[in-house]
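Below: the structure, in structure tokens.
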Amino acid sequence: MDEFLTNLPVFREAIWQTFYIVSISVVAGGLLGLGLGLVLYATRPGSLMSNRAVFITVNILVNIVRPIPFVIFLTAIQPLMLVTIGTTIGTNAVTFALTLAAAFAVSRIIEQNLLAVEPGVIEAARAAGARPISILLTVIVPEALGPVILGYTFIFVGVVDMSAQAGLFGGGGLGDFAVTYGSQRYNWPVVYITVAVIIVIVQAGQFLGNALARKALRR
Amino acid sequence: MDEFLTNLPVFREAIWQTFYIVSISVVAGGLLGLGLGLVLYATRPGSLMSNRAVFITVNILVNIVRPIPFVIFLTAIQPLMLVTIGTTIGTNAVTFALTLAAAFAVSRIIEQNLLAVEPGVIEAARAAGARPISILLTVIVPEALGPVILGYTFIFVGVVDMSAQAGLFGGGGLGDFAVTYGSQRYNWPVVYITVAVIIVIVQAGQFLGNALARKALRR
Amino acid sequence: TRDGADDAQTVRIGVADAASPYWKTYADLAKERLDVNVTLVNFNDYSQPNPALKEKQLELNQFQHIQYLANYNVTAGDDLQPIGATAVYPLPLYSLKFTAVTDLPANAKVAIPNDAINQARGLLVLQAAGLVTLKNGGTAFSSTTDVETKKVDVVTLDASQTAGALQSGSVAAAIVNINYATNAKLPKTAVVFQDDPASASAAPYVNIFTARAEDKDNETYLKLAELYHDPAVEKGVQEANSGVAVLRTVPAAELQALLTTVQDQAVAAQK
Amino acid sequence: MTTTPPHVRLTNVTKTFSRGRNGTQVVALDDVSFEVAKGEVFGVIGQSGAGKSTLIRLINGLESPTSGQVHVGDQEITALSERDRRGVRQDIGMIFQQFNLFRSRTVAGNVAYPLKVAGVDRAERDRRVARMLDFVGLLDRAHDHPEQLSGGQKQRVGIARALATEPSLLLADEATSALDPRTTTEVLALLGRVNRELGVTVVLITHELDVIRTVADRVAVMDRGRIAESGTVYDVFAHPRSEAAADIVRGALRDRPSAETLARLRRSHSGRIVTVAIRDRTGFQTALARTFLAHNVAADIIFGGISELQERAVGSLTFELTGPADGIDEALAALRADGVELTEED
Amino acid sequence: MTTTPPHVRLTNVTKTFSRGRNGTQVVALDDVSFEVAKGEVFGVIGQSGAGKSTLIRLINGLESPTSGQVHVGDQEITALSERDRRGVRQDIGMIFQQFNLFRSRTVAGNVAYPLKVAGVDRAERDRRVARMLDFVGLLDRAHDHPEQLSGGQKQRVGIARALATEPSLLLADEATSALDPRTTTEVLALLGRVNRELGVTVVLITHELDVIRTVADRVAVMDRGRIAESGTVYDVFAHPRSEAAADIVRGALRDRPSAETLARLRRSHSGRIVTVAIRDRTGFQTALARTFLAHNVAADIIFGGISELQERAVGSLTFELTGPADGIDEALAALRADGVELTEED
Ligand SMILES: Nc1ncnc2c1ncn2[C@@H]1O[C@H](COP(=O)(O)OP(=O)(O)OP(=O)(O)O)[C@@H](O)[C@H]1O
Ligand SMILES: Nc1ncnc2c1ncn2[C@@H]1O[C@H](COP(=O)(O)OP(=O)(O)OP(=O)(O)O)[C@@H](O)[C@H]1O
Ligand SMILES: [Mg+2]
Ligand SMILES: [Mg+2]
């Protein structure tokens with residue numbers, strides 16, 4: 001406990017880092033993933049803009065990225081990181097990598113949820129002469145909004161979890177704090193407190209997600 | 001490359017371990033998660049068996065487990081592991097932990113996808129006098145089957161990814177092999193080959209998932 | 001311990017570098033000379049092998065030095081014992097851009113490992129190199145929060161990642177554990193500073209075979225610890241560490257006495 | 001007097017829905033009470049949004065009323081838990097306005113579902129499914145999925161599903177709205193048969209008079225959440241007492257020309273136009289014909305409809321009268337004096 | 001002869017669906033050809049599953065035919081890419097059989113959607129939405145979501161949505177099936193008005209004769225994927241040439257008693273029962289009456305319907321004849337000799 005108090009500034013810093021990493025990854029990765037997910041959905045055989053070549057390419061790309069162990073993924077994209085953000089370590093590097101990882105995960109969630117949209121409403125939009133991209137964004141996504149919101153919430157929780165690996169690359173954050181100052185030192189109070197904070201953040205996010213989803217579903 | 005060949009038996013062992021860990025986690029975790037997901041779905045306010053107390057409890061439980069860093073989660077459930085499987089390290093221990101982790105993730109995916117089922121068909125089942133549990137299993141899940149299959153595929157890929165963390169606890173597997181024999185030793189051929197195998201496994205899984213989902217969706 | 005199908009005894013040893021070829025040499029020798037089947041259990045996470053040993057899921061482990069074990073025993077309330085020494089590894093500070101510590105510009109980024117033990121030792125190295133000063137002169141338990149004055153920016157990374165950060169140019173210098181440095185093929189000329197493995201202050205950093213207290217006199221285990229110093233194995237160890245490992249044979253009793261001393265220091269440091 | 005209890009009874013049932021952000025209330029049902037006897041076919045008609053579907057959904061407890069009681073047999077549905085309602089529902093078939101077919105099941109699977117729920121064994125289930133599908137003319141589509149069917153075919157699957165268990169009470173919400181007249185006739189014949197042969201009680205929502213006429217014993221007219229009028233089909237149609245009922249009946253019987261039709265009739269007919277309400281009285285039309293002939297008036301029927309309601313004729317005929325103006329006046333006066341209900345259209 | 005090109009033209013259109021595992025084929029449309037002129041209201045009737053919805057969906061290219069061409073105006077829809085079809089579709093309104101409302105949008109949002117697509121600005125959009133909703137009687141429900149509406153209310157939203165852009169071609173698939181007769185009349189009046197005032201071409205699927213009668217100029221009768229017959233409404237209804245058309249017309253006009261009705265009529269009427277086909281000929285009924293009276297036969301109309309089709313009367317009347325047996329025989333013989341089409345029911 002004493003040790004926890006002496007580490008208080010680090011803890012505060014860790015909370016801030018977690019917020020930084022998670023919020024940017026979820027927002028940026030969420031948008032990127034939405035795009036990818038729409039491509040996956042719209043280009044699949046029989047869909048709105050079905051295009052075998054694009055579908056197969058993106059499908060395989062997503063499958064290549066998602067299962068790669070995070071350490072290797074981060075190492076693999078280091079050249080890309082150097083070009084874009086100029087560093088391969090630290091909070092920004094981890095955020096960059098997590099953003100990509102989140103995007104690929106989000107794309108699958110989006111794809112799944114959009115597939116549940118009833119074909120009839122898509123026909124109604126087509127019959128009105130709308131463009132496919134507009135049908136996607138103004139009809140299909142809104143129709144699937146409830147599940148999509150829950151999907152984002154799911155990814156949010158996953159990103160909080162993955163952000164624990166930020167420590168590997170000097171990204172800091174609560175997960176790293178819990179491990180470095182807690183479990184690695186067998187300092188359980190630190191673990192409890194930190195994990196409690198993580199859980200509070202997640203509960204708040206999930207609560208918000210549930211509430212928004214309920215609003216979108218109207219049931 | 002030479003080094004890769006000398007490590008061939010370890011590589012084979014790693015492939016086998018990955019299969020073992022992933023298949024058990026996906027199947028056992030999938031079933032467990034289905035159960036949890038059904039509880040989440042069915043007990044939410046306004047749903048088939050709405051029960052505030054159960055919903056809130058399970059909801060919070062799932063939120064507590066999912067974001068905890070894997071190292072800490074695995075440490076936390078060690079007492080449970082000792083009682084059930086008698087060990088806290090190795091392939092079985094990792095499989096056990098991954099099964100739980102997968103179950104909690106699956107529960108959210110199931111919840112999401114079931115929410116997209118049209119209320120009208122649920123009414124038709126209620127009007128026939130069916131029991132809620134039978135409505136859940138024989139109507140709602142089948143109605144959401146396409147997205148649910150894609151959800152399981154999503155989790156499968158996630159488990160393959162998470163299984164890379166098996167190395168933390170002496171669980172082995174391809175992810176561990178790629179890191180320990182590959183990236184940590186800057187032995188890139190090992191990384192490439194191993195990651196390629198991982199990707200092949202994932203592509204095969206995704207291909208199967210897509211095919212089954214298409215069959216279930218009939219479009 | 002339990003009997004294998006061929007009547008040979010099986011001993012599970014927890015390690016963190018099972019990929020190093022010398023472990024294969026070692027296991028073959030154990031089978032040949034001692035009729036012991038060695039099963040290596042590899043851990044990517046240092047926090048796991050000691051609890052696993054305590055829980056009797058391992059018979060021995062070999063991944064840590066006395067300092068780490070003392071820390072574990074004190075914080076986890078355990079009583080694991082060293083039964084043989086292996087080697088001391090210096091902890092060098094590398095730089096690819098600069099040839100001397102003094103060349104490092106102000107606020108240059110320097111990476112150190114983030115696990116508790118390596119972090120403290122890395123900070124002590126940086127202090128010795130005149131790059132930081134630590135609260136109360138620093139201990140084997142210092143962390144980045146104890147940095148009082150600094151000439152450089154200290155960033156902590158996973159021990160396996162400091163070499164990579166150095167190579168990508170993300171940091172100006174990095175503390176790199178010798179095994180990772182070898183794997184990353186960092187040239188010896190890039191070492192700009194390192195602690196002296198032979199000094200008395202380095203004594204707690206001697207790596208050890210560890211067993212449960214009740215097994216500390218087990219004949220087989222002691223023989224297994226000794227086997228590490230077979231020339232074939234030692235040669236492999238040196239190959240795996242670019243020849244910088246300082247192999248040590250210290251009697252078990254002496255190691256155990258040293259452990260007690262360090263544990264006392266650890267208890268004191270916790271207050 | 002001892003009577004068998006009604007099969008369905010609603011007592012002072014009110015149902016409101018709240019909607020929108022400001023929580024305005026929609027009163028879907030307003031103090032509704034009625035009874036349906038065992039073995040009766042009870043029709044419900046009324047304008048769109050009058051509350052018909054809401055009413056029928058209260059009967060099997062899919063929805064609960066805001067206030068009031070619903071009884072089915074001797075069970076008070078409104079007092080039962082969702083769990084206890086299940087038993088009651090197994091004996092009630094329901095045809096939904098929007099079909100509500102299971103998309104994950106084939107046509108046969110949809111029809112088999114309530115049988116499965118009722119625990120009917122496999123062989124018997126297959127037999128009954130085949131029989132029902134044969135009846136609705138979809139036996140060759142048994143293995144198709146709902147999205148492969150036309151609108152009317154979907155509706156027929158819904159009908160087959162509702163009847164498969166041979167329930168003692170059938171709730172039919174616009175069960176023939178998507179069907180062509182011939183298929184409608186066939187379905188109604190089936191409803192009539194199960195009603196007669198198995199004594200099934202039917203509550204039937206529809207806006208097609210023919211449906212009511214063919215099978216209903218009694219009918220209730222709903223108007224903005226209230227029951228404006230109810231009684232035997234003949235009474236309500238022949239002598240509507242409420243404004244709402246008259247309005248609906250006029251639309252339903254289609255025996256009186258609308259203003260538009262009248263305008264068109266005018267264009268092609270130059271004579272005076274008179275609409276006569278038909279009375280179920282022997283010799284009525286002969287008397288009419290005689291009167292017109294006696295006054296030298298030529299009477300041509302240019303519009304009208306005479307339906308048979310519960311074995312009695314009801315409707316009206318619109319005549320074009322040509323001949324001497326005073327002859328027409330005299331003939332009309334004579335008919336009016338004779339109690340004939342007639343209106344001269346202008 | 002120069003004529004304006006037809007608004008819609010189908011040439012030898014065939015559409016098959018494959019279904020099931022063994023890939024059996026359903027022939028939904030079989031070599032269908034027809035034309036709809038600009039400004040015409042073209043009705044399509046036919047049994048459930050005859051291919052009506054499939055047909056209409058080919059016109060705006062939601063579905064592509066297996067073979068054959070579809071033209072809308074001077075564009076060949078079947079030759080256009082999905083991209084190029086968009087422009088054509090913006091000028092076509094479509095009312096779906098299953099409504100297909102956007103659940104994520106309010107009632108107003110649903111109606112506004114095609115206006116948004118067409119790039120109508122906000123203020124104008126709001127005005128038009130309000131006008132359409134006012135017309136279908138749902139202005140007060142503008143901010144509700146579809147699941148809060150009754151079946152007929154949903155259908156009305158679909159109608160408002162299809163008409164909002166004032167398209168030059170309207171495809172209506174059972175647009176009034178969920179509506180009560182009065183609302184149906186109102187909707188049909190609107191369709192008639194947009195047709196007359198704006199020259200909108202309408203293709204109208206329905207199984208309700210009234211709908212055809214009120215608004216259609218020409219009608220096609222579909223039977224198992226083929227067009228059995230087409231022509232002006234009067235011709236098809238008054239003189240059906242094909243078996244399929246006769247069958248449907250009989251069901252639709254409902255002017256002849258079904259076997260069941262006849263049985264019931266028999267129970268309450270002891271006289272001989274004769275059905276007479278009405279001809280649009282002045283003095284026809286007077287002649288009838290005169291003949292019956294001359295032979296001392298009392299003739300009571302007990303069933304029948306006379307509708308006005310394109311300003312001409314069509315239908316039949318069923319009489320109960322009472323009086324001396326030979327008098328009846330003579331009267332019937334006289335009428336037959338006079339060319340009257342009559343059948344004695346037995
Ligand atoms: N996707 C499909 N797969 C297989 N068969 C289909 C499909 N769509 C339509 N059909 C079949 O094609 C035929 C014509 O269907 P269509 O929907 O055009 O009928 P319809 O005339 O509109 O009937 P209704 O009046 O019942 O709506 C039907 O037998 C139907 O089952
Ligand atoms: N969930 C709901 N929320 C708000 N209003 C509702 C809801 N369900 C029904 N209503 C309203 O209650 C009234 C009665 O609806 P109901 O569905 O019973 O009408 P109906 O008589 O069946 O009409 P139709 O013939 O059009 O199907 C309508 O005004 C409808 O909009
Ligand atoms: Mg209704
Ligand atoms: Mg149709």
Side-chain angles (χ1 to χ4, degrees), chain B residues 2-11 13-14 17 69-83 85-94 96-97 162-188 190-191 194, chain C residues 12-25 27-28 39-59 61 63 76 113-115 157-164 166-168 176-186 236 239-242:
Chain B
D2 285 357
E3 201 182 345
F4 181 74
L5 291 176
T6 53
N7 289 323
L8 211 56
V10 189
F11 184 63
E13 172 80 6
Q17 282 164 333
F70 194 63
V71 181
I72 293 176
F73 174 62
L74 221 150
T75 311
I77 60 166
Q78 280 180 354
L80 180 64
M81 283 202 227
L82 282 176
V83 175
I85 56 169
T87 180
T88 64
I89 58 162
T91 314
N92 284 331
V94 169
F96 185 87
M162 287 213 291
S163 77
Q165 297 191 50
L168 293 175
F169 297 85
L174 282 168
D176 179 42
F177 184 83
V179 173
T180 315
Y181 287 79
S183 66
Q184 273 190 7
R185 302 173 68 92
Y186 298 85
N187 189 339
W188 296 111
V190 167
V191 173
T194 315
Chain C
R12 293 168 294 176
I13 305 180
V15 300
D17 60 343
S20 296
Y22 73 83
W23 279 117
K24 189 167 166 7
T25 316
D28 291 347
T39 304
L40 294 171
V41 180
N42 191 56
F43 291 87
N44 283 341
D45 187 81
Y46 287 176
S47 67
Q48 300 306 314
N50 283 333
L53 179 59
K54 174 192 176 187
E55 302 287 356
K56 301 201 169 87
Q57 301 177 60
L58 299 171
E59 281 70 54
N61 69 37
F63 73 99
N114 65 358
D115 56 282
L157 303 177
D158 188 76
S160 65
Q161 298 302 323
T162 55
L166 184 66
Q167 285 173 324
S168 77
V176 184
N177 295 65
I178 207 75
N179 54 324
Y180 293 124
T182 306
N183 288 330
K185 303 200 169 58
L186 289 179
E239 275 167 13
N241 292 287
S242 317

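Lettering of chains follows the sequences in order, A, B, ..., and the numbering in each one begins at 1. Values in this document were obtained by computation on a predicted structure and should not be read as measured data.
Heavy-atom distances place no part of L74(B) under 4.5 Å from chain C, backbone and side chain included. For T182(C), no part lies under 4.5 angstrom from a heavy atom of chain B. The part of Q78(B) that comes within reach of chain C is its side chain, from C-beta onward, which places non-hydrogen atoms under 4.5 angstrom from that chain. For L40(C), no part sits under 4.5 Å from any heavy atom of chain B, backbone or side chain. Q57(C) touches chain B through backbone and side chain together, each having a heavy atom under 4.5 Å away.
In this structure, CZ in F43(C) is found 10.5 Å from CG in D176(B), a value given to the nearest 0.5 Å. To the nearest 0.5 angstrom, Q48(C) atom CD is 4.5 Å from T75(B) atom OG1.
Contact between A19(C) and T180(B) at its shortest, heavy atoms only, is CB-O, 3.8 Å.
Residues that satisfy the salt bridge (Lys or Arg N to Asp or Glu O under 4.0 Å) test with E13(B), not counting sequence neighbours, are absent from this structure. For K54(C), the side-chain contact (heavy atoms from CB on, under 4.5 Å) partners two or more places apart in sequence, or in a different chain, are Y72(C), D78(C).
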